[in-house]
Peer 1: 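Got a structure for you, questions after.
Worth saying up front: this structure is predicted, and the values here are computed from it rather than measured.
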Amino acid sequence: NVEVVPEESRSFASGMEMTFRNILGYAFGPLLPGLIMDLVGAVLQWDVQTESDWQLCIGLCFVLAGNFVDFFLFRRALAAASIVLEAEQTAALAQLREAFKNEDIIALERAVALAKSVALQARTDGEAVIGMANETIGAHYAHARSSIGPSSESLFRKSRIATASHEELVQRIEELELQAAQLHTENERLRLLVDPKTRANIIGCGSPIMDCDTRVSL
């Protein structure tokens, strides 16, 4: 239970938990049901000698009804823990990407340990990045021992796409689309040069007033 609390507040949270347990559990546990039993008995004017069983039932119902408060508290705690966990997973993912960008094996190992501690592998993007990080770390030590297989530097370069953010991927797509458009234009120009008729027209052999030896610089 203490693990969901930040480290700097764990001692305070543990002390508060024990304090409330003693106050609300041990002290008010017998007191509050007894007060409710006496209050209901006084309002309904029950005879303590003959209606004690009903008073005990009222006290038991009060204790059981108090348990329904737990569902509200647990739901709030779960929502708060989910928000904190998502923030920690986002920070761990950013640390992994930073380690890949700097090509630092030691920082990458620490980032993987942090990512596993916050269950980053439960996320789709986190599982892919952790897998790439483990592959890079394994390749680094394998290459250091035997110099066989891909080096960590090559895997670092390959991992840049896998660890890129959404904005970086969009920017890379736009750059590739621009390069593809330029290559398409160059491809069409070269295709015209490959066609014999088009080539003859370009260099002048297809014109009756020009000498076939004339060449036009392209």
Side-chain angles (χ1 to χ4, degrees), residues 1-21 24 67-184:
N1 296 333
V2 182
E3 292 182 357
V4 300
V5 182
E7 293 184 0
E8 61 273 10
S9 303
R10 288 182 179 178
S11 58
F12 175 77
S14 178
M16 290 298 296
E17 188 268 338
M18 295 183 64
T19 300
F20 279 107
R21 183 195 303 174
L24 298 180
N67 292 327
F68 288 100
V69 182
D70 296 340
F71 292 100
F72 173 75
L73 297 177
F74 287 155
R75 188 172 181 178
R76 292 292 301 274
L78 180 60
S82 300
I83 294 174
V84 173
L85 179 61
E86 185 177 357
E88 291 179 348
Q89 289 177 344
T90 302
L93 184 59
Q95 187 172 344
L96 278 171
R97 288 171 174 168
E98 187 67 22
F100 272 115
K101 184 182 297 185
N102 296 331
E103 298 186 1
D104 189 347
I105 287 293
I106 303 301
L108 186 61
E109 291 178 343
R110 295 175 181 173
V112 169
L114 176 61
K116 290 181 178 179
S117 66
V118 296
L120 184 61
Q121 63 275 9
R123 293 173 46 171
T124 304
D125 52 351
E127 182 180 6
V129 176
I130 290 179
M132 180 65 70
N134 289 329
E135 182 180 359
T136 303
I137 294 172
H140 170 76
Y141 288 109
H143 187 77
R145 287 194 300 267
S146 59
S147 299
I148 299 177
S151 63
S152 59
E153 287 77 10
S154 62
L155 291 176
F156 271 124
R157 289 191 293 269
K158 292 180 180 179
S159 64
R160 290 177 181 175
I161 297 179
T163 59
S165 62
H166 177 73
E167 291 76 11
E168 293 173 345
L169 289 176
V170 172
Q171 183 180 1
R172 182 58 178 167
I173 290 173
E174 293 176 353
E175 294 175 356
L176 292 177
E177 288 178 349
L178 179 60
Q179 293 178 6
Q182 295 174 351
L183 291 175
H184 179 73

Peer 1: Considering non-hydrogen atoms only, spot the tightest contact between Ala99 and Ala107 and give its length.
Peer 2: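 Here Ala99 and Ala107 meet closest at CB-C, 3.9 Å.
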Peer 1: Run the side-chain donor-acceptor check on residues 70-81: report pairs under 3.5 Å with partners two or more places apart or on a different chain.
Peer 2:
none

Peer 1: Can you list everything that forms a side-chain contact (heavy atoms from CB on, under 4.5 Å) with Leu178? Sequence neighbours excluded, please.
Peer 2: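 Leu178 satisfies side-chain contact (heavy atoms from CB on, under 4.5 Å) with Gln182 once adjacent residues are dropped.
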Peer 1: Please walk me through it: do Leu114 and Arg110 pass side chain to side chain contact (heavy atoms under 4.5 Å, CB included)?
Peer 2: CA-CA 6 Å; Leu114 176 61; Arg110 295 175 181 173; over 6 Å; no
Peer 1: With rounding to the nearest 0.5 angstrom, report the CG to CD distance, Leu176 to Gln179.
Peer 2: 5.5 Å
Peer 1: Looking only at heavy atoms, what is the nearest atom pair of Gln121 and Lys116, with distance?
Peer 2: OE1-CA, 3.8 Å
Peer 1: Is atom CD of Glu86 surrounded by more than 12 heavy atoms (other residues, nucleotides or ligands) closer than 6.0 Å?
Peer 2: no
Peer 1: Show, in sequence, the C-alpha distance, side-chain angles and deciding distance for Leu120 and Val129, and conclude whether the side chain to side chain contact (heavy atoms under 4.5 Å, CB included) test is met.
Peer 2: CA-CA 9 Å; Leu120 184 61; Val129 176; 5.8 Å; no
Peer 1: Does any non-hydrogen side-chain atom of Arg123 lie less than 4.5 Å from one of Thr90?
Peer 2: yes
Peer 1: Search all heavy atoms of Ala92 against all heavy atoms of Ala115 and return the closest pair with its distance.
Peer 2: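 Closest heavy-atom pair between Ala92 and Ala115: CB-CA, 4.0 Å.
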Peer 1: If you round to the nearest 0.5 Å, how far is CG of Leu93 from CD of Gln95?
Peer 2: 10.5 Å
Peer 1: Output, in order, the C-alpha distance, side-chain angles, deciding distance and verdict of side chain to side chain contact (heavy atoms under 4.5 Å, CB included) for Asp104 and Leu108.
Peer 2: CA-CA 6 Å; Asp104 189 347; Leu108 186 61; over 6 Å; no
